[in-house]
Amino acid sequence: MAVSPLICPSILASDFARLGEEVRALDAAGADWIHVDVMDGHFVPNITIGPDVVKAIRSHTALPFDVHLMVAPVDPWLEAFRDAGADILSVHPESGPHVHRTLGRIRQLGAKAGLVFNPGTPLSVLEEVVDLVDLVLIMSVNPGFGGQKFIDASLRKIAAARAILDRAGSTAHLQVDGGVTSANSAACVAAGADALVAGSFVFKGDYAANIAALKAGPGAA
């Protein structure tokens, strides 16, 4: 049976001068989650937003806030982003010395815990902490900038992550982020993903049509 993926537009590609309006527009357009990319200029070569901005836009939608923390060290920021309204907090294995402890802390805070894998990061750590993750995010570009081209080899990594989750009997979502468009969304889902992050693709033109196109796959846009 075909899976209709969750669509998680990234506000990284939005108009930052009108973030509240953008979040409301995504909600009205049929987004499932709001993806928030947090970059510190250290772990990745860019700086985006902090917890005060997340708090400011929280009242504009009831949709889950899916906060991707590209921050190192990450542990000192978990509580602040949770308090600001994050429902999901996703971290990288490289962003702290004890990822098992970090994931456990996220759950203690009442949020869902995500683990993110860059293109060059092996999946082996997932098998060690699979019981602590609610979300696995496969980066299909190197993080730090929007508008990059999807790395085709990511499809194999998505399939490998799906196999690990299935073997463990995990119900964690498997998400993909980076260069996702209607041209490759169906391939991502076929490989095992059930949640798609898209920034540039969603924000070019009609948000609702672009979100529908991501769900439908090739030829829909």
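Worth knowing before you read on, the calculation uses all heavy atoms, side chains too, and leaves out hydrogens, waters and symmetry mates.
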For residues Val99 and Val71: do they belong to one hydrophobic cluster (side chain heavy atoms under 4.5 Å, members Ile, Leu, Val, Met, Phe, Trp, Tyr)? yes
Residue pairs passing the salt bridge (charged side-chain N to carboxylate O under 4.0 Å, His left out) test with at least one member in residues 19-30, sequence neighbours excluded, are Arg18-Glu21, Arg18-Glu22
Between Thr48 and Met39, is there a donor-acceptor pair closer than 3.5 Å when you use the side chain of the first and the backbone of the second? yes
ask   = Does Phe201 share a hydrophobic cluster with Ile151, counting links as ILVMFWY side-chain heavy atoms below 4.5 Å and allowing steps through other members?
value = no
Using a 4.5 Å side-chain heavy-atom cut-off and chaining through intermediate ILVMFWY residues, the residues clustered with Ile47 come out as none
Nearest heavy-atom contact between Ile11 and Ser14 is O-OG, 2.6 Å
Residues pairing under salt bridge (charged side-chain N to carboxylate O under 4.0 Å, His left out) where one sits in residues 43-72, two or more places apart or in two chains, turn out to be Arg58-Asp87
Taken in chain and number order and not counting sequence neighbours, the residues that satisfy ring-ring contact (aromatic ring centres under 6.0 Å, His included) with His60 are none
Side chain to side chain contact (heavy atoms under 4.5 Å, CB included) filter on Ala72, not counting sequence neighbours, yields His42, Phe43, Ser95
* To do: Using modelled atom types only, decide if a donor and an acceptor are shared between the side chain of Ser140 and the backbone of Asp177 within a distance under 3.5 Å.
  => yes
Rounding to 0.5 Å, atoms CD1 (Ile34) and CD1 (Ile88) come to a distance of 11.5 Å
Ignoring hydrogens and geometry, is there a side-chain-to-backbone donor-acceptor pair from Ser10 to Gly199 under 3.5 Å? no
For Leu89 and Ile106, the nearest pair of non-hydrogen atoms, with its separation, is O-CD1, 3.5 Å
The ring-ring contact (aromatic ring centres under 6.0 Å, His included) partners of Trp33 (sequence neighbours excluded) come to His173
Sorted by chain and residue number, the side chain to side chain contact (heavy atoms under 4.5 Å, CB included) partners of Ala28 (sequence neighbours excluded) come out as none
What one should report as the nearest heavy-atom pair of Ala161 and Leu174 is CB-CD1, 3.9 Å
For Met139 and His68: C-alpha separation, side-chain torsions, deciding distance, then whether side chain to side chain contact (heavy atoms under 4.5 Å, CB included) applies.
CA-CA 11 Å; Met139 293 300 300; His68 175 193; 3.7 Å; yes
Contacts of Asp166 meeting side chain to side chain contact (heavy atoms under 4.5 Å, CB included) (sequence neighbours excluded), chain-then-number -> Arg162
Between side-chain atoms of residues 109-133 and protein atoms elsewhere (two or more places apart, or another chain), which donor-acceptor pairs fall under 3.5 Å?
| unit_1 | atom_1 | unit_2 | atom_2 | d |
| --- | --- | --- | --- | --- |
| Asn118 | OD1 | His92 | ND1 | 3.4 |
| Thr121 | OG1 | Glu94 | OE2 | 2.5 |
| Glu127 | OE1 | Arg167 | NH2 | 3.4 |

_Please check: side-chain N/O of Asp83 versus main-chain N/O of Ala80, any donor-acceptor pairing under 3.5 Å?_
no
In this structure, CG of Asn210 is separated from OG of Ser200 (nearest 0.5 Å) by 11.0 Å
Exercise. Please check if Ile49 and Val91 belong to a single hydrophobic cluster, counting links between Ile, Leu, Val, Met, Phe, Trp and Tyr side chain heavy atoms closer than 4.5 Å.
Key: yes
SG of Cys188 to CG of Leu214, rounded to nearest 0.5 Å, is 10.0 Å
Heavy-atom closest pair (Ser182 atom, Ala213 atom, distance to 0.1 Å) is CB-O, 3.6 Å
Output for pair (Leu19 CG, Ile57 CD1), nearest 0.5 Å, gives 5.5 Å
Applied to residues 144-155, the side chain to side chain donor-acceptor pair (under 3.5 Å) test, sequence neighbours excluded, yields none
For Pro5 and Lys215, the nearest pair of non-hydrogen atoms, with its separation, is O-NZ, 2.8 Å
Residue set satisfying ring-ring contact (aromatic ring centres under 6.0 Å, His included) with Phe150, at least two apart, ordered chain then number -> none
| query | Do Leu165 and Leu196 sit in the same hydrophobic cluster, where Ile, Leu, Val, Met, Phe, Trp and Tyr count as joined when their side-chain heavy atoms come under 4.5 Å apart? | reply | yes
In this structure, CG of Asp134 is separated from OG of Ser90 (nearest 0.5 Å) by 9.5 Å
### Query
Counting only N and O atoms by type, is there a donor-acceptor contact under 3.5 Å from the side chain of Thr102 to the main-chain atoms of Asp75?
no
Residues at least two apart in sequence or cross-chain that pass side chain to side chain contact (heavy atoms under 4.5 Å, CB included) with Ala29, listed by chain then number, are Tyr207, Ala208, Ile211
task: Consider only side-chain heavy atoms of I, L, V, M, F, W and Y, link residues closer than 4.5 Å, and tell whether Val176 and Val202 are in one cluster.
output: yes
- Query: Hey, is the main chain of Val180 close enough, under 3.5 Å, to the side chain of Asn184 for a donor-acceptor pair?
  - Reply: no
Closest heavy-atom pair, Leu155 versus Ala191, reported as atoms and distance to 0.1 Å, is O-CB, 3.7 Å
Rounded to the nearest 0.5 angstrom, the CG-CH2 distance for Leu69 and Trp77 is 10.0 Å
